[in-house]
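What follows is one structure encoded as structure tokens, with my remarks underneath.
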Amino acid sequence: EDSKLILDANIKRLISIAKYDWDSYEESWDFRLLALLNPNYYQTSLKSSYKNLRAHWRDITLEMKKLEEENNLIYIGAYGLQNELMIEVPINEVTLICNPHYRYGKERNDGEHESQLLADTISEFILYSVGCMFGRYSLDKEGLILANQDDTLEEYLKQVPSPSFMPDDDNVIPMIDFDGDWFEDDISERFKQFLKVTFGEDNFAENLTFVEEALGKDIKKYFAKDFYADHVKRYKKRPIYWLFSSPKGTFNALIYMHRYRPDTVSVVLNDYLREFRTKLQARKESYEQIEISASTSQKDKTQAIKAIDKINKVLEEVNDYERDILYPLAGQNIEIDLDDGVKHNYPLFGNALKKIVGLS
């Protein structure tokens, strides 16, 4: 009788730990709040918050291991299986996502486990920040906010009247992979703003360094090179954020499919692609002035010629993307039905969106 009570209590607790673990990630229907921002572990230093969270994950992993071993002991004793089964549960068989030994397998050492877990936790934080940029999530209210077709910023403000971090107004966030700053609402700038709101202005430099060291690259490079691939992988090739991307990926603009409207492609074209081209043209002209100026040193002239050549290649890419792909598409005012799923809707935009192998 005592054994049965112990088993019942253990099983309840094991289910509760497993549910907590799964619900800590965006893929869960019951995801409410990012673990890093949970008041139980939160400090204004991102590093300290992670340290607290990591300690908690270690505790629940060891608790789960202990409970499973207790259950094994009871079952093995009850059925006389001492020679058949082991009481001990190896750490890599404790099936929690927050347990790196299970998540990444036995072939890595502890140091590799820890750095991978940190990198993944930071990229989950970045993904959550993008959710807040689009209004899918909010720092002021737990759970999903905008998650229905054609949801708007007005709908968001009904639920969160005074947001501490304001979502993007036109559902287009540029992500430009070319030297320099082109848009105030570029995704890496928006992320920096998010980091200041969540962990404070005073610790911003230290926290940004912690993020970039965990990722192994600066934030702009992460968004340009890794963010979308990570997102597509996490959502198993059914992304909720869609990436408009020129052929060589110099121009990129991210949208949230739940806020898509038939004029979204026109917004990408007119307010972002053409705006980017205008700014490129202006920069090219300033380099041309340097090139022809009598007072310019030979070294500066050479650099200006190189820069002009680089810009010309980007202008060609941008012009081809507009003429062959984006402009014809904008005129179609494509309607989508989210009930048809990403597999049906994403390919409707052809080469305008970043190609996802296995989706089209």
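- Residues E322 and R274 are paired through a salt bridge, judged by an N-O separation under 4.0 Å between the basic side chain and the carboxylate.
- Within 6.0 Å of NZ in K301 there are more than 12 heavy atoms belonging to other residues, nucleotides or ligands.
- A salt bridge does not link D186 with R190: none of the charged nitrogens is closer than 4.0 Å to a carboxylate oxygen.
- A side-chain donor from one of D230 and Y222 sits under 3.5 Å from a side-chain acceptor of the other.
- Ion pairing of R259 with D168 is absent here, as no side-chain N (NZ or NE/NH1/NH2) approaches a carboxylate O to less than 4.0 Å.
- The other residues sharing a hydrophobic cluster with Y75 are I6, L7, I11, I15, L73, I74, I76, Y79, L81, L85, I87, where clustering joins ILVMFWY side chains under 4.5 Å apart.
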Begin from the C-alpha positions of Y137 and F31 and carry the test ring pair (Phe, Tyr, Trp, His ring centres under 6.0 Å) through to its verdict. CA-CA 10 Å; Y137 303 113; F31 173 76; 5.3 Å; yes

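- For the ring pair (Phe, Tyr, Trp, His ring centres under 6.0 Å) test, residues two or more places apart in sequence or in another chain that qualify with F227 are F223.
- Here the shortest heavy-atom pairing between I308 and Y287 reads CG1-CB, 3.6 Å.
- Judged purely by distance below 3.5 Å, without hydrogens or angles, the side chains of D185 and Y272 pair a donor atom with an acceptor atom.
- Taking 4.0 Å as the cut-off between side-chain N and carboxylate O, E155 and K158 count as a salt-bridged pair.
- Between the side chains of S28 and D30, no donor-acceptor pair is found at a separation under 3.5 Å.
- The list of side chain to side chain donor-acceptor pair (under 3.5 Å) pairs with a residue in residues 53-63, not counting sequence neighbours, reads R13-E63, Y20-H56, Y41-H56, R54-E114.
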